[in-house]
Amino acid sequence: MNFPVDKLKNIQTPFYYYDQTLLQQTLDTINKEAGKYEGYHVHYAVKANANDKILEQIRKSGLGCDCVSGGEVEACINVGFEADKIVFAGVGKADWEINLGLDANIFCFNVESVPELEVINELAQAKGKVAQIAFRVNPNVDAHTHHYITTGLNENKFGINLDHLEDVIERALKLENVKLIGLHFHIGSQITELHPFQSLSEKINEIQDMLESKGVALKVINVGGGLGIDYVHPERNPIPDFENYFATFNKYLNLREGQELHFELGRAVVCQCGSLISKVLYVKEGTVKKFVIVDAGMTDLIRPALYEAHHNVENISNHGDEIETYDVVGPICESSDCFGKDEKLSITKRGDLLAFRSAGAYGQIMACQYNCRKLPAAVYSSEL
Ligand code: LLP
């Protein structure tokens with residue numbers, strides 16, 4: 001990525017920098033690849049990044065949105081997403097959040113339990129409305145990813161277990177203020193191989209066969225998100241392999257006549273376009289190591305501390321050939337406030353700018369104010 005360092009160096013650090021050209025190329029690729037197949041619709045998983053400008057660009061590209069809180073539904077309505085492109089998931093929706101969705105006439109509630117089904121029915125009845133719903137099914141498919149971001153196994157809190165599905169559907173069909181339109185699945189995040197999506201497709205085929213034999217036909221199958229990105233080579237792979245991702249579903253998932261296939265992609269849409277930019281405060285010589293102490297910390301980008309995730313780090317002020325090995329650490333009073341050990345960087349000095357790459361998803365949105373720190377700002381390529 002070509003960082004406009006001359007402009008960035010005058011901005012108060014730390015901040016997130018978003019390359020909107022790359023975001024647009026990513027969105028265009030999604031539209032091109034999903035557009036090859038009849039009935040494929042992509043919703044953006046807002047939880048990855050809910051900045052207005054990002055949401056707006058995504059909306060203009062024609063994607064829908066997948067929300068997991070009333071706040072996200074509001075954010076999407078505020079930037080002009082049409083109600084019939086908003087889906088609302090989440091294991092614990094509060095009454096006010098359900099009412100918000102009902103008032104806005106959103107497309108669908110993804111329901112995760114019988115008590116939730118009953119509350120949605122009650123609240124819809126009070127408004128004289130019929131809420132469209134899909135059941136989130138826990139398919140017990142292993143996503144082969146970090147255990148913190150695996151969601152589709154029986155041991156997880158998400159979704160309705162397959163054994164209960166028939167009963168739950170029967171219950172829903174008896175209620176007057178909900179209309180069952182689909183099934184929803186999501187097996188995990190940062191999935192870098194395609195075979196878990198093949199397994200998911202095959203599981204969905206079995207479920208559909210079973211339901212069809214009971215006379216239940218559904219309009220929508222939603223396979224969630226989870227397509228991973230290349231954290232190791234953001235330069236080589238700035239855009240995920242959407243071609244093979246959609247082709248996998250096309251090959252293995254038997255959509256019924258007129259049925260729609262929905263996707264909820266978060267990370268794959270926004271991750272590579274964002275970097276956290278931080279300034280080097282000090283270079284400290286330890287007894288066995290050299291430390292680069294930067295002004296960004298785990299409050300700005302928590303993924304390394306929370307998931308042992310690694311973001312490539314680059315000295316964007318100095319691209320010299322002379323390389324040194326450093327531990328790159330933040331200023332927060334926690335030992336886990338460390339971005340990387342034994343990082344190979346061009347010789348680094350006080351005042352240099354470092355870019356932590358692949359931080360557009362689950363970066364800025366997960367920032368917090370621990371140590372009374374300020375939240376990082378957003379800087380957009382089109383505004384420089
Ligand atoms: N749909 C549902 C129901 C989800 O739970 C998620 C993510 C998505 C879609 C979008 O998944 P994606 O396409 O972004 O993989 N904070 C973690 C990731 C948590 C993902 C939670 N669910 C991280 O920083 O890696």
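Counting starts at 1 for both ligands and their atoms, following the listed order.
- The pair Arg171-Glu118 counts as a salt bridge, with a side-chain nitrogen and a carboxylate oxygen less than 4.0 angstrom apart.
- In terms of polar-atom proximity, Met366 is not counted as a contact of ligand 1, lacking any N or O under 3.5 Å from an N or O of the ligand.
- The ring-ring contact (aromatic ring centres under 6.0 Å, His included) analysis of residues 43-84, with sequence neighbours excluded, yields the pairs His43-His262.
- The residue from Phe197, Tyr37, Tyr252 that alone fulfils the ring pair (Phe, Tyr, Trp, His ring centres under 6.0 Å) condition with Tyr245 is Phe197.
- Remark: Arg256 engages Glu212 in a salt bridge, criterion side-chain N to carboxylate O under 4.0 Å.
- When each atom of ligand 1 is checked for a heavy atom of Tyr307 under 4.0 Å away, the hits are 16 (N), 17 (C), 23 (C), 24 (O), 25 (O).
- When non-hydrogen atoms are compared, ligand 1 lies under 4.0 Å from the backbone of Arg267 as well as from its side chain.
- Less than 4.0 angstrom separates some heavy atom of Arg136 from each of these atoms of ligand 1: 3 (C).
- The proximity of Arg303 to ligand 1, defined as any non-hydrogen pair under 4.0 Å, is limited to the side chain.
- The stretch residues 362-384 participates, sequence neighbours left out, in these ring-ring contact (aromatic ring centres under 6.0 Å, His included) pairs: Tyr18-Tyr380.
- Distances between N or O atoms of Ser189 and those of ligand 1 include at least one value under 3.5 Å.
- For ligand 1, the atoms sitting less than 4.0 Å from at least one non-hydrogen atom of Asp66 are 1 (N), 9 (C), numbered in the order shown with element in parentheses.
- A donor atom on one side chain and an acceptor atom on the other are not found under 3.5 Å apart for Ser346 and Glu314.
- For ligand 1 and Gly266, the ligand atoms under 4.0 Å from any heavy atom of the residue are 12 (P), 13 (O), 14 (O).
- Taking the centre of each ring, Tyr231 and His311 come in below the 6.0 Å mark.
- Short contacts between ligand 1 and Leu265, defined as distances under 4.0 Å to a heavy atom of the residue, involve ligand atoms 13 (O).
- The closest approach between any non-hydrogen atom of Gly226 and ligand 1 is below 4.0 Å.
- Against a heavy-atom cut-off of under 4.0 Å, Gly225 is close to the following atoms of ligand 1: 9 (C), 13 (O).
- Between Tyr40 and Phe263, the gap from one ring centroid to the other is short of 6.0 Å.
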